[in-house]
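See below for the structure under consideration.
Below, chains carry the letters A, B, ... as their sequence lines are ordered, and counting in each starts from 1.
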2 protein chains.
Amino acid sequence: MSHVKRRAESQRGPEPIRRTARGALKREKILDAAAKVIARRGYTGTTLSEIAEEVGSAGAGSLYHHFESREHLVEEVLRRGVQVAFEQSRRAIAALPAAAPPLERLNAAIRAQMLSVLVVSDYARATGRTTGQVPVEVWARVNADFRRYGRFYDRLIAAAMDAGEIDPKIDRSALRMLVIGAINWAPEWYRKDGTSSAEEIADLLVRFVTRGVAIRKPDR
Amino acid sequence: MSHVKRRAESQRGPEPIRRTARGALKREKILDAAAKVIARRGYTGTTLSEIAEEVGSAGAGSLYHHFESREHLVEEVLRRGVQVAFEQSRRAIAALPAAAPPLERLNAAIRAQMLSVLVVSDYARATGRTTGQVPVEVWARVNADFRRYGRFYDRLIAAAMDAGEIDPKIDRSALRMLVIGAINWAPEWYRKDGTSSAEEIADLLVRFVTRGVAIRKPDR
DNA sequence: GTCTATAACCGGATAGAC
DNA sequence: GTCTATCCGGTTATAGAC
C-alpha cells in the first residue's frame with residue numbers, strides 16, 4: 001500500500017488484487033464475460049456460475065480473486081457501459097464538420113448510441129438493459145456517470161432548440177428518455193438476420209426525431 | 001369436476017383450486033399484488049415472499065393454494081397485461097369518429113398503450129417490463145397473445161401506409177418495435193410529479209412518430 | 001494465482017397442523 | 001382454506017489445497 005495506491009481506488013472504491021499483467025488480462029476476460037451474460041440475462045438473472053462458464057476456464061468462486069463481490073463486478077460493467085456509449089457519441093460528433101448544426105450533432109449522438117447498444121459493445125447493451133434493476137447501493141455509486149451522460153444529451157437538445165431547430169416547447173427530459181427507451185429496448189428485438197440492419201434502425205430513429213414517418217400533405 | 005369444467009382450463013392449462021367466491025376474490029388480490037411486484041422488480045427479481053407480503057395477510061407458501069407454481073402465477077399476470085393494453089387500444093380506436101383516417105387510429109393506439117403502462121394498469125406495466133426475461137417455457141405459452149397484439153399494431157401501420165399517410169418504404173416491424181420500446185421503457189423514468197404528465201408524454205411520442213420534433217424550415 | 005470443497009443463506013415448493 | 005415448518009436446490013462467498 002502507501003504511495004503506489006491508485007487514484008481510481010480512492011475515487012470509486014477498491015479494485016482488489018491486480019498485481020500482474022497476466023492477472024489484469026484475466027480480469028478483462030472476466031469483465032467481458034460478465035458484460036455478455038448481463039446483456040443476455042439482465043442484472044437479477046445473472047449468476048456468477050454463468051459468468052465463470054462464459055470465461056471458459058474457471059469455476060464459480062474463482063472470480064473472487066479478481067473482484068471483491070458480485071456487486072463490484074457488475075458495477076464496473078455498468079460504468080464501462082456508459083463510458084463506451086459516451087465515447088462513441090463524442091467520437092461521432094467529432095467526426096462531423098465543425099460547422100455542423102446542433103440538430104445534426106444530436107442525430108449523430110443518437111445514431112452512435114443505438115449502434116453502441118446493437119453492435120459495438122456488450123457493455124453498452126448490458127448497461128442499457130440493467131438500469132432500474134440494480135440495488136440502490138450499486139446505483140448510488142454509478143449514478144454520477146449516468147447523470148453526466150444525461151446532461152451531455154440534454155445540452156445537445158438544448159443547443160438544437162436555441163438554434164431554432166427543435167420546438168422549444170418540448171420537454172427536453174421526456175424527449176431524451178423516449179429516445180433512450182427506444183434504444184435500450186432495441187436489443188430485445190433486433191436480429192442480425194432481420195429485415196433492417198442496425199444502421200437502418202438507427203436512421204429510422206433519427207428520422208423520428210427530425211421529421212417523423214408521416215408523409216406531409218403537399219400543401220397546407 | 002366433470003361438466004362444470006371451464007373452457008379456459010382446457011385451453012390454457014389448469015387454473016387450480018378456485019371453488020368459492022371468496023377464494024376467487026383472494027385469487028384476484030394475489031394477482032394484483034403479483035402484478036405490482038413484477039412491475040417493480042421485473043421477472044427475475046420477483047419473489048413469492050414479496051408478493052405474499054404485498055397481499056398483506058399471507059405467508060409465502062400460502063399462494064400455492066391458488067396457483068400451481070410461481071410460473072403459472074406470472075404467466076397469468078403477463079396474459080392479463082397484454083389483454084389490458086390491447087383492450088385499451090381497441091377502446092380508444094372505437095371512440096374515434098368512424099371516418100377517422102388510419103394514421104389517427106394508429107396514434108390513438110399508441111396513446112392508449114402509453115397510458116396503459118404509465119397510469120392504468122400494473123399488469124400492463126409488469127408485462128412491458130418482463131418481456132425477454134421470462135423462461136422460454138412460459139414465453140411459449142403467452143407468445144400467441146403477444147403476437148396477436150403485434151399483428152394488430154402492424155395492421156394499423158399497414159393501413160396508414162396504404163392510405164398514403166405513412167412512408168411505405170419504412171420497415172413496419174422496426175417502426176413498431178421502436179415505439180413499443182419507448183413505451184415499455186417509460187415507467188422506468190416517469191414520475192407523477194415530473195415536468196410532463198402521462199398524457200403529455202403520450203402526445204409527445206405520437207408527435208415524434210408522425211411529424212418529429214424538429215421545426216421545418218419555412219421553405220425548401 | 002488458480003481451482004475445488006464447502007459453509008451460510010435464500011427462494012421455491014410440499015406436507016400437514018389447525 | 002389458511003398458515004407454519006420444513007425440504008431441496010441453487011447462489012454467493014470463504015477456506016484452504018495445489
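When the shell of 6.0 Å around CZ of A:R70 is examined, it contains more than 12 heavy atoms from other residues, nucleotides or ligands. Residue B:R90 places its CZ atom among more than 12 non-hydrogen atoms of other residues, nucleotides or ligands, all under 6.0 Å distant. Enclosure of atom CZ in B:R147 is not indicated, since only 12 or fewer non-hydrogen atoms of other residues, nucleotides or ligands lie within 6.0 angstrom. Residue-environment remark: CD (B:E71) exceeds the threshold of 12 foreign heavy atoms within 6.0 Å. Applying the 6.0 Å contact sphere to CD of A:E53 captures no more than 12 heavy atoms from other residues, nucleotides or ligands.
Screening A:L106, A:D154, A:I157 for a side chain to side chain contact (heavy atoms under 4.5 Å, CB included) involving A:L175 leaves a single residue, A:I157.
Rounded to whole Å, atom P of D:dG10 lies 14 Å from atom CD of A:E50. The separation between A:H72 atom NE2 and D:dT12 atom P is 16 Å, rounded to whole Å. Between the P atom of D:dA13 and the CD1 atom of A:I51 lies a distance of 11 Å, rounded to the nearest Å. Atom pair A:H66:NE2 and C:dG1:C1' shows a separation of 8 Å (rounding to whole Å applied). In this structure, CD of A:E53 is placed 14 Å from P of D:dG10, rounded to the nearest angstrom.
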Tabulated below should be each protein N or O lying under 3.5 Å from an N or O of nucleotides 9-15 of chain C; please produce it.
residue : atom : partner : partner atom : Å
C:dG12  : OP1  : B:L48   : N            : 3.4
C:dG12  : OP1  : B:R70   : NH1          : 3.3
C:dG12  : OP2  : B:L48   : N            : 3.0
C:dA13  : OP2  : B:Y64   : OH           : 2.5
C:dA13  : OP2  : B:R70   : N            : 3.0
C:dA13  : O5'  : B:Y64   : OH           : 3.0

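Looking only at side-chain heavy atoms (C-beta outward), B:Y43 and B:T131 stay at 4.5 Å or farther from each other.
A:H65 has no side-chain polar atom (N or O) that falls below the 4.0 Å cut-off from OP1 or OP2 of D:dT14. Listed pair A:K29 / C:dT2 fails the phosphate criterion, with no side-chain N or O lying under 4.0 Å from OP1 or OP2.
Counting only residues at least two apart or in different chains, side chain to side chain donor-acceptor pair (under 3.5 Å) contacts with residues 109-128 of chain A comprise A:D32-A:Y123, A:R111-A:D203, A:Q113-A:Y149, A:D122-A:R125.
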(message) Only Watson-Crick and G-U wobble pairs with both distances less than 3.5 Å should count. Give DNA chain C in dot-bracket notation, marking inter-strand partners with |.
(response) ||||||||||||||||||
